[in-house]
Amino acid sequence: QVQLVESGGGSVQAGGSLRLSCAAMGVSVRNSCMAWFRQAPGKEREAVAKSYNWGSGTSYADSVKGRFTISQDNAKNTVYLQMNSLKPEDTAMYYCASATLAPYACVGLRAGSVSYWGQGTQVTVSS
């Protein structure tokens, strides 16, 4: 049984930082396309960061590039999202996701291709 368990969300002021963690069980982050999505009220779920090829490859949404960093600890089977210089528009529920995709396909991962979702962790950024 696959479980993705997120933690690390919370409330911060604009300019602050948070680090999200996603502990994976039943799936190997090393061999999977791993990603962080977010969904704000009334908006579609969007991918913000992806990790593939044993974590050696990453890609980011333009809106978070240079501020967010996805990483993974293969020994701990855990994926992280370091979020710096947070803005109010980053406020959303953040979800960890896993998909069985080749690296070249992981870059274009969309919500409809995700195999497993975490339960989500709320991030709220105040101005």
Side-chain angles (χ1 to χ4, degrees):
Q1 185 179 358
V2 176
Q3 278 191 297
L4 302 175
V5 181
E6 301 103 330
S7 60
S11 297
V12 294
Q13 290 193 324
S17 298
L18 283 173
R19 188 195 196 204
L20 307 183
S21 298
C22 170
M25 288 159 277
V27 63
S28 170
V29 302
R30 179 187 323 195
N31 298 324
S32 300
C33 166
M34 300 300 299
W36 288 95
F37 284 72
R38 68 184 181 188
Q39 187 168 21
K43 294 191 175 182
E44 290 188 358
R45 193 170 294 191
E46 61 170 350
V48 296
K50 302 157 191 173
S51 178
Y52 49 91
N53 204 21
W54 289 36
S56 64
T58 58
S59 66
Y60 299 92
D62 287 342
S63 58
V64 306
K65 211 171 282 185
R67 300 188 298 121
F68 289 12
T69 302
I70 187 171
S71 63
Q72 60 190 69
D73 186 329
N74 292 330
K76 294 183 178 180
N77 213 32
T78 299
V79 180
Y80 305 97
L81 185 68
Q82 178 67 44
M83 305 184 294
N84 299 328
S85 302
L86 282 161
K87 304 175 181 180
E89 51 263 43
D90 294 318
T91 295
M93 186 72 79
Y94 283 71
Y95 297 91
C96 180
S98 173
T100 305
L101 294 172
Y104 68 87
C106 185
V107 175
L109 177 68
R110 295 179 180 268
S113 298
V114 170
S115 302
Y116 304 103
W117 293 100
Q119 81 285 356
T121 185
Q122 178 67 37
V123 171
T124 302
V125 185
S126 57
S127 56

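This chain uses plain numbering: 1 for the first residue, then up along the sequence. Atoms considered below: every heavy atom in the structure, side chains included; atoms not considered: hydrogens, waters and symmetry mates.
- The hydrophobic clustering, which links ILVMFWY residues whose side-chain heavy atoms are closer than 4.5 Å, places Phe68 and Val29 together.
- The heavy-atom pair separating Ala61 from Ala47 by the smallest distance is CB-O, 3.6 Å.
- Hydrophobic clustering of Ile, Leu, Val, Met, Phe, Trp and Tyr side chains at less than 4.5 Å, counting indirect connections, unites Leu18 with Tyr94.
- A single hydrophobic cluster is not seen to contain both Leu4 and Val114; linkage of ILVMFWY side chains at heavy-atom distances under 4.5 Å, directly or through other members, places them apart.
- Rounding to the nearest 0.5 Å gives a distance of 5.0 Å between CH2 of Trp54 and CZ of Arg30.
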Open item on the list: Quick one, Arg38 with Val64, criterion side-chain contact (heavy atoms from CB on, under 4.5 Å). Give me CA distance, side-chain angles, the key distance, then yes/no.
Closed with: CA-CA 11 Å; Arg38 68 184 181 188; Val64 306; 3.9 Å; yes
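- Taking 4.0 Å as the cut-off between side-chain N and carboxylate O, Asp62 and Lys65 count as a salt-bridged pair.
- Evaluation of the disulfide (SG to SG under 2.5 Å) test over residues 23-76, restricted to residues two or more places apart or in two chains, returns Cys33-Cys106.
- A donor-acceptor pair is defined here as one N or O able to donate and one able to accept, closer than 3.5 Å; no such pair exists between the side chain of Lys50 and the backbone of Ser59.
- Residues Ala92 and Ala40 approach most closely at CB-N, 3.9 Å, considering heavy atoms.
- Closest approach of Ser127 to Ala14, counting heavy atoms only: CA-CB, 4.3 Å.
- Scanning both residues, Ser17 and Val12, for their nearest heavy atoms gives O-CG1, 3.9 Å.
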TODO: May I have the step-by-step check of side-chain contact (heavy atoms from CB on, under 4.5 Å) for Thr91 and Gln122, ending in yes or no?
DONE: CA-CA 8 Å; Thr91 295; Gln122 178 67 37; 4.0 Å; yes
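- Residue pairs meeting the side chain to side chain donor-acceptor pair (under 3.5 Å) criterion with at least one partner in residues 5-15, sequence neighbours excluded, are Glu6-Gln119.
- Residue pairs meeting the disulfide (SG to SG under 2.5 Å) criterion with at least one partner in residues 70-100, sequence neighbours excluded, are Cys22-Cys96.
- Under the 4.5 Å side-chain heavy-atom criterion for Ile, Leu, Val, Met, Phe, Trp and Tyr, Leu20 and Leu86 are members of the same hydrophobic cluster.
- Between the side chain of Thr78 and the main chain of Ala23, no donor-acceptor pair closer than 3.5 Å is present.
- Counted within 6.0 Å of OH on Tyr60, heavy atoms from surrounding residues, nucleotides or ligands total more than 12; the atom is thus considered enclosed.
- Contact annotation: the side chain of Ser32 never approaches that of Gln72 to less than 4.5 Å [non-hydrogen atoms, C-beta and beyond].
- Distance CZ/Phe37 to CG/Leu109: 4.0 Å, rounded to 0.5 Å.
- Hydrophobic cluster membership differs between Val2 and Leu101, with clusters built from Ile, Leu, Val, Met, Phe, Trp and Tyr side chains linked at under 4.5 angstrom.
- Going from atom CD1 of Ile70 over to atom CE of Met34 covers 7.5 Å, rounded to the nearest 0.5 Å.
- Taking OH from Tyr95 and OG1 from Thr121, the interatomic distance works out to 10.0 Å, rounded to the nearest 0.5 Å.
- Across every non-hydrogen atom of Ala49 and Leu81, the tightest pair is CB-CD1, 3.9 Å.
- Taken to the nearest 0.5 Å, the CE atom of Met83 stands 9.5 Å off from the CZ atom of Arg67.
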